[in-house]
Every structure is written in C-alpha cells, then in structure tokens.
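Structure record follows, encoded as structure tokens.
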Amino acid sequence: MDWGTELWDQCDTIDKHTQSGLELVEKYVKFVKERTEIEQQYAKQLRNLVKKYASKRGKDDQENRFTNHQSFQDILNEMNDYAGQREVIAENMMIRICCELTKYLQELKQERKSYLLEAKRAQQSLENGYKQLESSKKRFEREWREAERAAQYAEKTDQDLNATKADVEKAKQQAHLRTHIAEECKNEYASQLQKFNKEQNQFYYSSIPQVFNKLQDMDERRVQRLAEGYALFADTEKRVLPIIGKCLEGITKAGANTDSKQDSLTLIEQHKSGFDRPGDLEFEDYSQGINRTSSESSLGTPKGPLELLGKNRNKLWPFSKKSKLPSPPLTPVSSPYVPANGPPSPKFARDPLSYCLKEINKTVKPRMASFRSLKRAPTATEDFAHLPPEQRRKKLQRKMDDIRKELQKEQDQSEALLKMKDVYEKNSQMGNPDSLSPQITQTAQNVERLRGELAKYESWLMEAGGRGESVRYSSHLNNNGAINRPNNANSVEGDLSQPIYTEFEDDFDDEEVDAPIGQCMALYSFPGSSEGTLSMQEGDMLSVVEEDKGDGWTRVRSTNGDEGYIPTSYVKITIPQ
C-alpha cells in the first residue's frame, strides 16, 4: 500500500504530515543539543570539584605517602577521567547526532520542496486544461444558440409572404454559416474534452501518485534515520560505559589499596628521630652540700636541678607545642675524633686537628646560639646535622644513592666516549678522535668529583651511625693516617687537595633495598649486555625503583632481586599517583 494509491485525494494531509516529520527531527536535534550542554556542564563541575580537593604541591607531599591519602588522590584522578568520558559523550552526540541530522534535515527539506513543486506544476497544468475545456464548451454553447436563432430566422423569413427572395437567401446563408461555426466549436470542444480527460487521467493515475510515493519514500527514510538517531543516543553512552566502569573499578581498587598498617609504618619511617628515651632523673639530696667544680660543665656554669630539668624538658613533654629537636652532643676538644661505626674518614686522616676544630664549630656554635634564641630553627647544613639521627641517616643515604646514579651515568658516558674514540682511531672516516678529548676529560673530572662527594657523604653517614661499607675504594689508609695513592698513571704526585679513588663495586651486600615506586611490563626484549643494565624478555613484570631522569633509562628490579637500568621506551610503566 502506498500513498499514491490510497491517499490520491489527500494532498493537504500529506503536506502537513511530511512537514510535521521534519519538525520532529528539528525538535530531536534541539533535545540532543541541550543534553550535550548538560553533559558538558556536568563534566566541568566534576573537574572543578576534583581541582578543589586535589592536593597542593609541596603542602601535602608528606601526606601523599600514606595509602589513605594516595587512595583519595586516585579517586580524584578516576573522577577526572570520568568527567573526561562525560565530555566524550557530549562530543560524540554533537557530532554523530546533531551535526549529521541537521545536515540530513536540510537535504530532506530541499527534497520535499522539489516534490511539492512538481505536484503543484502538474495541478496547474490540469487546471489550465480544464479552463481551456470550459472556454471551448462555452463557445460551442454560444455558437450553437446563435445557429439555432439563425435557422429559426431563416425559416420565418421563408414563410413570410412579404419577404423577397433575396432576403430568404440571405437568411438561409446566415443560418448555414452559423451552423458551420457551431459545428467547428463542437469539434473543438470535443477535442479539448478528450485532451483534458487524458491529462486528468495522467494526473490522478501517474503524476500525483508518483509524487506522493516519492514523499512517502522520503518520509520513511526520515523515520528510519531518526530511529538510528534514537539508537545513537543510547549507543554513544554505551561506548564509554566500559571506560566509566574502569573508572569506578579504579575507585573501588583505591579503597582496597588503603592499608592502615602500611600507613602506620610510613609515619614511623618519616618521623622516627632515632633518639633514646630519657632516663630516670637522679635524686637531688638537698640535705647535704653539693659542691661542683667548674670542670663538670663544658661551659663553666654549675648545673642545678632546674637546669637539668630544662635540658630534658623536650624529652619529658613530647606533646608540647614548643618542643624542639635536641642539639647534637658536644664533641670534646681534647679527645681525638673516632667514628662510631667505621674507620676514620679520609678528611680526618689527612688533618685530624682541623677536622676536630671543624666539628667543634658545627656543634658548639649552634648550641651557644640556641641559648640566645630558643625560637630559632636549626640551620640546614650540607651534612644534615640539623636533623635527628634517623632522619639524617636517611637523608644521607638518599643523597648517596643520587650521587651513585649520577656517577653510573657519567661512567657509562665515559665508556661510550672511549669506545667511540677507539672506532674513530680505527676508521678515520667516521670522525676525528681528538674531537672527543674535551668530552672525555670533562667526563673524567665529573667522575672524580662525584667520587669525592660520595666519599664525603660516606664519612658523614659513618658519623651518623650508618653503614659505611656500601662503597669500597682501592685506596686505603697507611699507618700514619695518610691515604696510599693507587697506581695510576694519570695521578699527580704530591697533590693531596682531592682524594683519588678507583671505581666502586656494583654489588652492595649491606645496602638497603629501595622500595619500588611502581611496576612496568616489558614490551620488547633487552639483552642488558653492558655493565649496569638488566636483561629482560618481552612480557616480564619488573618493579620500578627509579624513574627516568630524562636520559632515556629507568632503574628497575627483577623478581629475583637483580637491579639495573633498562631503556624507558622498551617498557610500559605504571606508577600510582
């Protein structure tokens, strides 16, 4: 069943129906646009909410080390991704529904307009044929009446006895002429009628049904396209539901990753001072005279009960708002400096007296200054002596680890430059080996400088009670406390301003193992043939110990505990925020 057959006489109805269908498309496009605006506003508000509660850099860095703070940051990150998916929904709806339907609507309007114009032309042609038919019909009617009157007049004249023969002949000729004209009008009317009937049949059985069928096809295509737009409304959101589900799973995982025990250990790790608990106070017997000599005090002032109580007040009242870290103990001038957990440092071995004076300046002067201003914060020093023992050891260890990493990079660069120079010497076409000399010299200087810094921090770590065996040198102390220089052709005789050490060993038996900061999966196999690198196979899971510092290498640890550097581009790294 089609419109051309069943609705041949409902042109106005079809016109209104097709117009209503186009208006429905416009209404749906407008509806989707408003939906996209809602999605965009929702995403914007979510992003503002995440930004409002996101941790501020520097302020919450210490708190973000706890799992409950990290989980909250993970939730904020997932919500930010969730907001991004809402924006994707809005964008896809705008492109796939609004833009496409708007373009299709314009095409439908032009198509409908052309069909209605075609029907209007056919109707005007039929109306013109009908007017011509009516005109020929009226003319035939008029001429036939004139012919009848002429015939009646001729007959009347013929019967009139007074009429002459000429009058009778004239009347008959006039009647015959009128009859002839009437016959011609009759034939013309018959021809016009036949022509109009043919046009009318063509109009109602061919032209109009074709136009109506085209309008029906157009409207059915419109309905089908609109139905697809209805389905896209849901499909657009279904496409991002898996990602939204992952965001929600990430939020659930963030809750599961919260570990109360780990947070407690983290708090201990961050703020453990390493001080001993205060001992029992001695009984002060005022019933007997207490004579103290000035030698009992390093500052030459007697210490009474109040002074002793004031000295230990910070330890006795740990929850006081004004509690401060105790000053480092004074080092007696008369006693030689001997580290608690290791041999004397190279600096002390070269010049014991100057080293002791330096230690006195670092301990006595800040202590004397603290008597003048109790509110003055401890001054940060290069050896971190202002920190509590435990925190100082950690700071020194981290500093040494950073120096080792930098030293390893410099050594790798030195090896690469030497290999390149060897290639240039064997094949001069590759390059000039002398052009690499400045870089080799600079790298060697950097290596020596870093070794000196590493030795310096090693001595400070030994002073703080840390393990000093993490770095071993080929140089050693002789019986007089001086450093025996290694057999090195590049060493300068008589120059003791800087210590000269050989390369340190890669295996540290007593070194603390760094906690992993993330995980990574190997995308490609890496042989790890050079020193300091780690071999891996495609698909291996490794722990990230140190992120890429911009040189293209990442320090990782395998499941068997081996550590080394791998190319950053060879793995996919996942580091929790």
Side-chain angles (χ1 to χ4, degrees), residues 1-23 106-222:
M1 299 178 67
D2 51 35
W3 292 0
T5 303
E6 306 298 335
L7 301 177
W8 63 271
D9 58 343
Q10 300 296 325
C11 182
D12 292 340
T13 302
I14 293 175
D15 186 4
K16 293 179 181 178
H17 177 75
T18 53
Q19 180 63 30
S20 175
L22 298 182
E23 291 176 354
Q106 296 300 325
E107 296 175 357
L108 289 181
K109 287 183 178 179
Q110 293 296 330
E111 186 178 359
R112 176 178 177 274
K113 183 178 179 180
S114 64
Y115 293 154
L116 294 179
L117 184 60
E118 182 180 350
K120 186 176 181 180
R121 288 174 181 172
Q123 186 173 358
Q124 287 179 352
S125 177
L126 183 63
E127 290 177 356
N128 292 334
Y130 182 75
K131 289 179 181 179
Q132 291 178 2
L133 176 64
E134 287 294 322
S135 177
S136 63
K137 179 181 178 182
K138 290 179 180 179
R139 183 181 178 188
F140 167 64
E141 182 181 3
R142 186 176 62 253
E143 292 297 333
W144 182 254
R145 289 176 181 175
E146 290 293 335
E148 286 181 347
R149 282 196 297 268
Q152 292 175 1
Y153 179 73
E155 185 179 356
K156 184 179 179 181
T157 303
D158 185 36
Q159 293 176 0
D160 189 3
L161 298 176
N162 296 326
T164 63
K165 185 176 181 179
D167 290 337
V168 174
E169 289 293 331
K170 184 179 179 181
K172 289 182 178 180
Q173 289 179 359
Q174 187 67 25
H176 180 70
L177 178 63
R178 288 294 179 181
T179 302
H180 180 70
I181 294 174
E183 287 293 336
E184 289 180 354
C185 290
K186 179 181 178 180
N187 294 333
E188 183 182 357
Y189 169 64
S191 176
Q192 288 293 335
L193 180 62
Q194 184 179 5
K195 181 180 178 182
F196 175 76
N197 288 334
K198 184 178 180 180
E199 291 179 354
Q200 182 176 251
N201 185 71
Q202 178 73 19
F203 179 80
Y204 286 109
Y205 287 92
S206 179
S207 300
I208 288 300
Q210 287 180 3
V211 173
F212 285 2
N213 289 338
K214 290 179 181 178
L215 288 172
Q216 179 184 2
D217 180 67
M218 181 203 72
D219 191 70
E220 289 176 355
R221 284 187 283 109
R222 174 195 63 81

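The shown structure was predicted, so the numbers you read here are calculated from the model rather than taken from an experiment.
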Rounded at 0.5 Å granularity, tell me how far [atom1] in [X] sits from [atom2] in [Y].
| X | Y | atom1 | atom2 | result |
| --- | --- | --- | --- | --- |
| Glu188 | Leu193 | CD | CG | 12.5 Å |
| Gln106 | Leu22 | CD | CG | 10.0 Å |
| Asn201 | Ser207 | CG | OG | 10.0 Å |
| Gln216 | Glu6 | CD | CD | 10.0 Å |

Quick note, ring pair (Phe, Tyr, Trp, His ring centres under 6.0 Å) partners involving residues 192-214, not counting sequence neighbours, are Trp8-Tyr204, Tyr130-Phe196

Glu220, CD: over 12 other non-hydrogen atoms inside 6.0 angstrom | yes

If you count the non-hydrogen atoms of other residues, nucleotides and ligands that lie under 6.0 Å from CZ in Arg221, is the total more than 12?
-> yes

With a 3.5 Å distance limit and no angle check, can you tell me whether [X] reaches the backbone of [Y] through a side-chain donor-acceptor pair?
| X | Y | value |
| --- | --- | --- |
| Asp2 | Asn213 | no |
| Arg222 | Gly21 | yes |
| Ser125 | Arg121 | no |
| Ser136 | Gln132 | yes |

Could you walk me through whether Trp3 and Asp219 pass side chain to side chain contact (heavy atoms under 4.5 Å, CB included), step by step?
-> CA-CA 11 Å; Trp3 292 0; Asp219 191 70; 3.8 Å; yes

With respect to Leu116, which candidate in Arg112, Lys113, Glu118 satisfies the side chain to side chain contact (heavy atoms under 4.5 Å, CB included) definition?
-> Arg112

Criterion side chain to side chain contact (heavy atoms under 4.5 Å, CB included) against Glu141, the qualifying member of Arg139, Arg145, Lys137 = Arg145

Pair up each side-chain donor or acceptor in residues 171-183 with any protein partner under 3.5 Å, not counting sequence neighbours, and list the distances.
residue: Arg178; atom: NH1; partner: Glu143; partner atom: OE1; Å: 3.4
residue: Thr179; atom: OG1; partner: Ala175; partner atom: O; Å: 2.7
residue: His180; atom: NE2; partner: Glu184; partner atom: OE2; Å: 2.9

Heavy atoms only: give me the nearest Ser114-Glu111 pair and the separation to one decimal.
-> OG-O, 2.6 Å

Run the side-chain donor-acceptor check on residues 152-161: report pairs under 3.5 Å with partners two or more places apart or on a different chain.
residue: Thr157; atom: OG1; partner: Tyr153; partner atom: O; Å: 2.7
residue: Asp160; atom: OD1; partner: Asn162; partner atom: N; Å: 3.3

Could you tell me whether Lys214 and Asp217 have a side-chain N and a carboxylate O separated by less than 4.0 Å?
-> no

salt_bridge(Glu127, Lys131) N-O dist < 4.0 Å = no

Pairwise side-chain contact, Leu7 with Thr13, heavy-atom cut-off 4.5 Å (strictly under) = no

